[in-house]
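The structure appears below as C-alpha cells.
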Amino acid sequence: MDDLRLSPLKLGSFKSSLSGRSTPRGSPTSRRVHSGRTPHRDGKGSGGAVQWFRSNRLLYWLLLITLWTYLGFYVQSRWAHDDDNKVEFLRFGGKLREDVLHVEQNKRLDSVVNENSHSVVDTTNIVHIGVNKRMHVTLAKKEDDTSQRSLSSRRRTRKASRSSRARIHSKQKVRKVMETKDLDEQDQELPNTNVTYGKLFGPFGSLEDRVLEWSPQKRSGTCDRKSDFKRLVWSRRFVLLFHELSMTGAPISMMELASELLSCGATVYAVVLSRRGGLLQELTRRRIKVVEDKGELSFKTAMKADLVIAGSAVCASWIDQYMDHHPAGGSQIAWWVMENRREYFDRAKPVLDRVKLLIFLSEVQSKQWLTWCEEDHIKLRSQPVIVPLSVNDELAFVAGIYSSLNTPTLTQEMMKEKRQKLRESVRTEFGLTDKDMLVMSLSSINPGKGQLLLLESLALALEREQEQEQVAKSNQQPRIKNLNGIRKEKISLSVKHRLRGSSRKMKITSPATDNSSVLSATGKRKLLFSGNVTQKQDLKLLLGSVGSKSNKVAYVKEMLSFLSNNGNLSNSVLWTPATTRVASLYSAADVYVTNSQGIGETFGRVTIEAMAYGLPVLGTDAGGTKEIVEHNVTGLLHPVGRAGNKVLAQNLLFLLRNPSTRLQLGSQGRQIVEKMYMKQHMYKRFVDVLVKCMRP
C-alpha cells in the first residue's frame with residue numbers, strides 16, 4: 001500500500017538516495033547497482049556534448065558565417081591589391097583556374113618583350129601545369145564562375161567609364177581650342193580700336209569707383225530677409241543653366257538671379273553651355289560655382305537640385321539630353337524663355353511639353369509662344385507664368401532710387417549728387433557740353449536690333465537740321481543788310497554834324513577803329529536775335545556694345561561702311577565696348593533708343609534701366625517695348641522697318657529742340673519703374689514659380 005501511494009518523483013528520489021549509500025559495498029546488490037551505473041554515466045557524458053551542440057546551433061552558424069565573411073574579405077583584398085600574385089593566389093592545391101589562366105597569360109605575353117628568357121620559361125611552365133591538371137581545375141571553375149564574371153563585369157564597366165570620361169575631356173579640349181580660334185579670328189577682323197570705329201570710349205568702371213567712392217564688395221546687393229522668396233530658397237539647391245556668357249540681357253539676368261539666391265542662403269551651381277563672352281570673371285567675383293562640364297557631371301548635379309532654371313530657348317539641347325538621362329527630371333525644370341523669334345521656338349518645341357513650367361517676360365511674348373504651340377499641337381504641362389525683368393540694386397543705387405545698397409552714409413540725396421558729378425566726368429571724356437544731346441543705344445549689334453536703321457535716321461535728322469539752319473541764316477540776311485544801311489546813314493549824319501561844329505583840326509578814324517565799331521555792332525545784333533533763336537546744340541549718338549560675342553561681324557562692317565560713305569556723319573557717332581558697368585553711360589546720356597525690328601523686343605531690360613535714370617525712350621511700336629513705353633507719356637514710339645526712319649528722325653529733332661519735354665518724359669518713366677520694375681517686384685512674381693516647381 002505504501003508503494004502505491006508514492007509518486008513517481010518521490011520514487012525516483014528514493015531510489016537515488018538508496019543507491020550507493022544504504023547498500024553495503026560488498027553485497028551482490030551493491031555490485032549489481034554499481035555495474036549498471038558506470039556505463040550509464042559514460043553514456044550520459046558523451047551524449048551531453050552532442051546535446052550541447054544541438055542546443056547551440058545558432059552559435060555554430062554564426063561562427064561559420066563569420067569565418068566565411070572573413071575569408072571573402074581576405075580574398076577580395078588580395079585580389080584588389082596584389083596584382084602580381086593573382087595567379088599564385090588562385091591556385092587550390094597547386095591547381096590554377098583555367099579562366100584566369102588565359103587572362104594572366106596574355107598579360108605576361110604583353111610584357112615578355114621587356115623581360116628575360118627565364119620569365120618566358122616560367123610562363124610556359126604555368127601553361128603546362130594548367131593543361132595537365134585540367135580535371136582538378138574544373139570544380140573550382142564551377143564554384144567561382146559567378147564571382148569572376150561579376151568581377152570582370154565591374155572591371156569592364158570601370159574601364160568603359162574611364163575611357164568615356166577621357167573621350168569627353170578630349171572633346172571638350174578640342175571644342176575649347178576651336179572656340180578660341182574662332183574668337184581670335186573675329187578679333188583680328190574687327191580690332192577694338194579707334195582705327196576701326198573712329199571714336200571709341202570706355203569702359204568707365206574705374207571712373208565709377210573713383211567718383212562714387214565704392215568697391216566691388218559694396219556693389220553686392222543683399223536679400224530681403226522678410227520676403228517669401230527668401231523663406232522658400234533658404235538652404236535649397238539650385239542649378240542655373242546659361243546658354244552663353246556674353247554681356248547681354250539673358251546671361252546677365254541669370255547671373256543676378258544666382259547672386260540673389262546666394263544672398264538668400266541657397267546653394268547655386270551654374271551650368272554653362274558656351275563660355276564665349278566676358279561674364280566668367282564676374283561669376284567668379286560673385287562666388288557662383290560653375291560646373292566643369294555640360295555633360296554627365298552637370299546631369300548628376302541637376303539630379304541633386306531642388307530646382308533647375310534654364311535661362312534661354314537655346315538650352316533645349318541640354319534639357320533633351322538631361323531628360324533622356326533622367327526621365328523624371330522634367331518635373332523640376334522651370335524654363336525662363338527670353339527670346340521671341342520663330343527659329344528659337346522651332347529649336348525648343350521638342351521638349352516644351354516635357355518641362356514643368358515655362359516662364360515668359362511679357363504678355364506679347366506669352367501670346368506669341370502659345371499661338372505657335374497651338375499651331376504645332378503642343379500641349380504644355382501647366383499654364384505659363386510671366387516674370388518681367390527688373391533694375392538691379394547697383395543701377396538703382398546710382399540712379400538715386402532706394403535699394404538694399406543704401407546706408408545711412410550713402411543716402412539717395414548723396415547718390416544724386418555723385419551721379420551728377422559722374423555725368424560731368426563722362427561727358428567731358430566724350431567732349432560734350434551741357435547743351436549737347438547724347439542719344440544712346442546699348443545692345444548686341446545685329447540686324448534684329450536695328451542699329452543700321454538708327455544710323456540712317458540720325459543722318460536724316462542731321463540733314464534736316466542743317467537745312468533749317470540754312471533757311472534761318474537766309475532769313476536773317478535781309479535784316480542784317482537793313483541794319484547796315486541804317487548804321488551807314490547814322491554815321492554820315494554824325495560826321496556832317498561833327499564837321500559843322502568842330503574846329504579846323506579834324507580827327508579821322510582809322511580802319512581799325514571802324515572795324516571794331518562794326519564788330520561791336522555785330523555783337524549787338526546777335527544779342528537782339530538771341531531772344532528768338534535757341535542756342536545751337538549738337539546731336540551725338542553713342543552705340544554699344546563693341547566686342548560683344550553676340551555681335552554679327554558682317555552687320556558691323558556694313559554699319560562702318562555706311563558711316564564712311566556719308567561724309568561727316570562719323571563725327572557724330574561714338575562707340576563704347578561691351579561691359580557690365582553701365583551706370584556711368586546712363587548718367588551721361590539724355591535720350592535712349594530701342595530700335596528692335598521684326599516682332600520687336602522680347603522685353604527690353606535696357607529700356608527699364610534707361611527709364612530708371614530719367615531718360616525718355618524712343619522705341620519701336622512692337623513687342624515688349626510697346627508694353628513698357630507709353631507714347632507721349634514716357635517716350636515716343638515709331639514703326640518698325642525703314643518706314644520708321646522718318647518718324648524716328650522727327651522725334652530726335654523734337655527732343656533736341658525741347659529739353660524741358662525730355663525731362664518731363666524721363667520723370668514719368670522713372671516713376672513707372674519705381675512702381676513696377678524694381679527687384680522686389682520681380683522676385684515677388686518668382687515665388688509662384690518656386691511653389692509650382694520646387695521639390696517639397
Side-chain angles (χ1 to χ4, degrees), residues 243 248-250 253-254 257 309-316 319 330 333-390 443 446-450 594-608 611 617 619-631 633-635 637-641 643-644 669 672-673 675-677 681-693:
H243 75 288
T248 52
S253 300
M254 295 296 292
L257 174 60
I309 303 175
S312 170
V314 184
C315 301
I319 294 174
I333 295 180
W335 200 349
W336 204 359
V337 180
M338 302 190 188
E339 296 86 5
N340 197 25
R341 295 205 298 269
R342 179 72 194 196
E343 60 261 28
Y344 289 105
F345 172 80
D346 293 336
R347 182 182 297 186
K349 66 182 180 181
V351 289
L352 285 176
D353 57 345
R354 300 176 65 185
V355 299
K356 180 68 175 180
L357 183 67
L358 292 180
I359 310 171
F360 295 116
L361 301 179
S362 62
E363 291 285 349
V364 174
Q365 182 197 16
S366 178
K367 292 178 181 179
Q368 183 64 73
W369 278 68
L370 290 177
T371 301
W372 288 334
C373 288
E374 292 179 359
E375 293 174 356
D376 287 25
H377 306 287
I378 298 174
K379 186 176 181 181
L380 303 178
R381 293 178 62 175
S382 58
Q383 186 68 21
V385 176
I386 297 176
V387 180
L389 299 176
S390 64
S443 62
N446 56 67
K449 302 298 182 179
T594 301
N595 201 37
S596 298
Q597 301 299 307
I599 58 178
E601 194 73 33
T602 305
F603 175 76
R605 174 193 174 95
V606 290
T607 304
I608 59 175
M611 292 168 64
V617 178
T620 51
D621 190 12
T625 306
K626 184 171 59 177
E627 292 185 10
I628 300 172
V629 179
E630 186 176 356
H631 186 61
V633 177
T634 60
L637 300 177
H638 58 274
V640 297
I672 296 295
V673 170
K675 291 179 181 179
M676 299 177 59
Y677 299 112
H681 302 126
M682 185 184 80
Y683 291 116
K684 186 176 181 180
R685 294 197 179 194
F686 222 95
V687 170
D688 190 20
V689 177
L690 300 176
V691 172
K692 290 182 178 181
C693 300

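Since this is a predicted model, take the numbers as computed values, not measurements. Only heavy atoms go into these numbers, but all of them, side chains included; no hydrogens, no water, no symmetry mates.
- Annotation: the span from L637 atom CG to E630 atom CD amounts to 9.5 Å, rounded to 0.5 Å.
- The ring of W336 has its center closer than 6.0 angstrom to the ring center of F686.
- In terms of heavy-atom proximity, C693 sits nearest to A334 at SG-CB, 4.1 Å.
- Counting heavy atoms from C-beta outward, C373 and L352 have side chains that approach closer than 4.5 Å.
- No side-chain donor-acceptor contact under 3.5 Å links T625 to the backbone of T594.
- Among N340, V337, V387, V385, the single residue meeting the side-chain contact (heavy atoms from CB on, under 4.5 Å) criterion with F360 is V337.
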Next on the checklist: Before you tell me yes or no, could you show the steps for L389 and L361 under side chain to side chain contact (heavy atoms under 4.5 Å, CB included), namely the whole-Å CA-CA distance, both residues' side-chain angles and the distance that decides it to 0.1 Å?
Outcome noted: CA-CA 7 Å; L389 299 176; L361 301 179; 4.0 Å; yes
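- The two residues A348 and A316 have their closest heavy-atom pair at CA-CB, 3.8 Å.
- Under the 3.5 Å distance criterion, with hydrogens and angles disregarded, no donor-acceptor pair is assigned to the side chains of H631 and D621.
- Of the inter-residue distances, the one linking T371 atom OG1 with D376 atom CG reads 11.5 Å to the nearest 0.5 angstrom.
- Note that CD of Q365 and CD1 of I386 are 8.5 Å apart. Values are rounded to the nearest 0.5 Å.
- Considering every non-hydrogen atom in both H243 and S312, the closest pair reads ND1-CB, 3.4 Å.
- We find that R341 and E339 are not joined by a salt bridge, their nearest charged nitrogen and carboxylate oxygen being 4.0 Å or further apart.
- D346 places no side-chain N or O within donor-acceptor distance of the main-chain N or O of K349, the cut-off being under 3.5 Å.
- Aromatic ring pairs are classed by plane angle as parallel below 30°, tilted from 30° to 60° and perpendicular above 60°; the pair F345 and W372 is tilted.
- Between E363 and K626 no salt bridge is recorded (no basic side-chain N to carboxylate O distance below 4.0 Å).
- W335 and A313 get closest at one heavy-atom pair: CZ2-O, 3.7 Å.
- Between the side chains of T620 and Q597, no donor-acceptor pair is found at a separation under 3.5 Å.
- E601 and K449 are joined by a salt bridge, as a carboxylate oxygen and a charged side-chain nitrogen come within less than 4.0 angstrom of each other.
- Remark: side-chain polar atoms of N446 are paired, donor with acceptor, to backbone N or O of G448 under 3.5 angstrom.
- When atom types are taken as modelled, the side chain of D353 and the backbone of L380 share no donor-acceptor pair closer than 3.5 angstrom.
- Remark: side-chain polar atoms of S362 are paired, donor with acceptor, to backbone N or O of T602 under 3.5 angstrom.
- In this structure, L357 and P384 approach most closely via the heavy-atom pair CD1-CA, 4.4 Å.
- Between the R381 side chain and the R354 main chain, a donor and an acceptor come within less than 3.5 Å of each other.
- The distance from the CG atom of L358 to the CD1 atom of I333 is 11.0 Å, given to the nearest 0.5 Å.
- We find the NZ-CG distance between K684 and D688 to be 12.0 Å, quoted to the nearest 0.5 Å.
- Residues K692 and Q383 approach most closely at NZ-O, 4.4 Å, considering heavy atoms.
- The distance from the SG atom of C315 to the CE atom of M338 is 9.5 Å, given to the nearest 0.5 Å.
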